[in-house]
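All remarks here apply to the structure that follows.
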Amino acid sequence: MTSRITIQFTAKHDAPTYPVILLVSGKDDAATLDSAGIALDKSLSGAITRAMTEAEFKAGAGEDIIIRAAEGTVILVGSGASADIGTDTEHLGGYVASALGRSKLKHATLHVSDMSPDWMASVAHGAHLAGYHFSRYFTKGKAAKPVMSTLNIAVDDKDAVTTAYARHAGIAEGVFLARDLVSEPSNVLYPAEYADRCKALSDVGIEVTVLDEAQMAEQGMKLLLSVGQGSERESRMVVMRWNGGGTEAPLALIGKGVCFDTGGISIKPAGGMEDMKWDMGGSAAVVGAMRAIAGAGIKRNVIGLVGLVENMPDGKAIKPGDVVTSMSGQTVEIINTDAEGRLVLADVMTYAQHHFKPAAMVDLATLTGAILVSLGMVQSGLFSNQDALAKAIETSASATGEHTWRMPLGADYHKLINSKIADMKNIGGRYGGSVTAACFLERFVENDTPWAHLDIAGMAWSDKSKPTTPAGGTGYGVKLLTHLAEHFQPSAK
Ligand code: BES
Ligand code: MN
Ligand code: ZN
């Protein structure tokens with residue numbers, strides 16, 4: 001699915017074309033028009049200033065008023081005290097999209113004075129992201145046919161803005177792909193179908209290889225296979241390669257792709273189980289990031305690897321107490337079949353290291369309910385064996401507004417997953433569940449490869465809309481990973 005808002009840049013004329021959208025500064029709690037606004041207000045004999053006074057409009061970020069003048073419609077959107085290029089400007093674009101949506105107008109022109117091409121492009125990006133909708137399964141009414149609008153953006157230097165925007169548009173493709181994948185129900189998006197959708201990325205220059213169950217068995221990926229063995233749907237692993245960076249060692253991005261998580265024999269309660277269709281959110285972030293990295297033409301080598309399975313109870317399903325040998329050779333006692341994500345990731349991590357010797361490895365997963373207890377639906381949990389990599393991820397998180405908070409690892413937590421019968425067990429005790437899950441993954445890091453794990457269980461889905469993220473699959477991680485792929489400098493541990 002795509003955006004209800006089509007972005008178009010047009011050359012700026014002195015007199016703006018109606019319907020027009022103005023951004024109004026809300027510095028010092030007072031609404032102040034820019035020069036485009038002042039000129040328009042004059043031509044309307046002060047109608048804009050009067051409307052602002054009447055509505056006690058303070059131009060706080062996201063505040064808006066819609067003025068239906070005889071000459072045409074004017075929408076005022078508050079930009080707050082200041083808007084730096086990045087999250088602020090994207091949010092501003094989101095507010096513009098929201099006001100445009102409520103106005104029911106099919107098109108409008110955003111007229112802003114004196115802002116740089118990068119600033120304008122970022123606002124456009126925010127509006128485009130905010131207009132995303134997933135309406136595939138509605139057959140009737142408004143939801144089936146959302147109002148599509150064109151946001152014309154009047155700019156001084158059309159070429160410069162168009163160039164700056166191209167990169168954002170590439171990234172948005174990745175965010176939308178991730179949101180689509182997360183939104184799809186599991187009867188549609190099961191591992192084989194998911195792998196087929198990944199194959200389509202070859203259109204944008206990504207090399208895609210799919211491993212089926214027999215090929216994974218040959219690799220010794222028994223842990224991953226054990227999770228899928230109770231399902232009628234066969235497991236898959238998809239390897240996506242973007243060779244933008246010459247001979248450098250690649251960054252490996254690894255994603256948990258549990259297309260549905262019933263818990264398996266350790267079955268989950270029925271209430272809310274439908275949420276487990278998005279237990280592939282980590283893999284969606286990786287697939288979306290690969291799309292975004294290609295779309296933005298990032299000049300680095302990046303490999304995306306996703307383990308795609310369905311966790312079901314069945315006569316053939318893995319059972320509590322079973323012991324399985326991982327691809328790494330280490331053995332795992334499965335105490336709880338609902339702690340399945342770590343089993344999938346462990347084998348994919350081993351595969352990534354054995355086949356690609358990555359400079360660094362970052363995995364994303366909707367891994368634990370416990371991370372929701374720790375951090376809520378505000379930021380993901382970050383675990384890493386290397387401070388430099390953790391810092392780089394924190395920098396990318398702040399730059400993109402996809403926030404994360406570093407969490408601990410360490411020997412005292414590792415003890416909690418020692419098993420009485422095998423090298424480790426797949427759950428710790430009652431407490432610190434996100435940390436013991438991360439420790440489990442850390443045991444599959446070889447040769448001190450810099451590694452980081454993002455537990456995104458609180459971030460992949462949102463019931464509430466945010467300025468640039470409509471309710472539903474968020475695409476969390478795509479922007480963060482794309483920024484990281486571009487900026488991170490590998491260093492030995
Ligand atoms: N997919 C879940 C984690 C999850 C919970 C994601 C809520 C999104 C929202 C994961 O596979 C799981 O079931 N984890 C268990 C681990 C437990 C058995 C140690 C959990 O968090 O309860
Ligand atoms: Mn589970
Ligand atoms: Zn799960």
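Whatever order the structure lists ligands and atoms in, that order sets their numbers, starting from 1. The figures here come from the full heavy-atom set of this structure, side chains too, leaving out hydrogens, waters and symmetry mates. Quick caveat: nothing in here was measured; it's all calculated off a predicted structure.
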| query | So which of the N, O or S atoms of Glu340 lies nearest the Mn ion (ligand 2)? | reply | OE1

So, [X] and [Y], do they make that salt bridge, N to O below 4.0 Å?
{"X": "Glu184", "Y": "Arg136", "answer": "yes"}
{"X": "Glu248", "Y": "Lys299", "answer": "no"}
{"X": "Arg342", "Y": "Glu340", "answer": "no"}

| field | Asp338 O and Asp261 OD2 subtending at the Mn ion (ligand 2) (10° steps) | value |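 It is 170°, given to the nearest 10°.
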
Report each N/O pair between ligand 1 and the protein that falls under 3.5 Å, naming both atoms.
unit_1: ligand 1; atom_1: 1 (N); unit_2: Lys256; atom_2: NZ; d: 3.3
unit_1: ligand 1; atom_1: 1 (N); unit_2: Asp261; atom_2: OD2; d: 3.3
unit_1: ligand 1; atom_1: 1 (N); unit_2: Asp279; atom_2: OD1; d: 2.8
unit_1: ligand 1; atom_1: 1 (N); unit_2: Asp279; atom_2: OD2; d: 2.9
unit_1: ligand 1; atom_1: 1 (N); unit_2: Thr366; atom_2: O; d: 3.4
unit_1: ligand 1; atom_1: 11 (O); unit_2: Lys256; atom_2: NZ; d: 3.2
unit_1: ligand 1; atom_1: 11 (O); unit_2: Asp261; atom_2: OD2; d: 2.9
unit_1: ligand 1; atom_1: 11 (O); unit_2: Asp338; atom_2: O; d: 3.1
unit_1: ligand 1; atom_1: 11 (O); unit_2: Glu340; atom_2: OE1; d: 2.8
unit_1: ligand 1; atom_1: 11 (O); unit_2: Glu340; atom_2: OE2; d: 3.0
unit_1: ligand 1; atom_1: 13 (O); unit_2: Lys268; atom_2: NZ; d: 2.8
unit_1: ligand 1; atom_1: 13 (O); unit_2: Asp338; atom_2: O; d: 3.0
unit_1: ligand 1; atom_1: 13 (O); unit_2: Asp338; atom_2: OD1; d: 2.8
unit_1: ligand 1; atom_1: 13 (O); unit_2: Asp338; atom_2: OD2; d: 3.2
unit_1: ligand 1; atom_1: 21 (O); unit_2: Gly369; atom_2: N; d: 2.7

| message | Using 2.8 Å as the threshold, say whether any N, O or S atom from Lys256 sits that close to the Zn ion (ligand 3). | response |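 So Lys256 does bind the Zn ion (ligand 3) by this criterion.
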
| Presence of N, O or S from Glu340 under 2.8 Å of the Zn ion (ligand 3) | yes

Do [X] and [Y] pair up side chain to side chain, a donor and an acceptor below 3.5 Å, judged on atom types alone?
{"X": "Ser98", "Y": "Arg102", "value": "yes"}
{"X": "Thr331", "Y": "Thr325", "value": "no"}
{"X": "His355", "Y": "Gln219", "value": "yes"}
{"X": "Glu442", "Y": "His414", "value": "yes"}

| query | Is the distance from the Mn ion (ligand 2) to some N, O or S atom of Asp279 under 2.8 Å? | reply |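 No N, O or S atom of Asp279 is closer than 2.8 Å to the Mn ion (ligand 2), so no.
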
| query | Quick check, are the ring centers of Tyr476 and His403 under 6.0 angstrom apart? | reply | no

| note | Of all N, O or S atoms in Asp279, the one closest to the Zn ion (ligand 3) is OD2

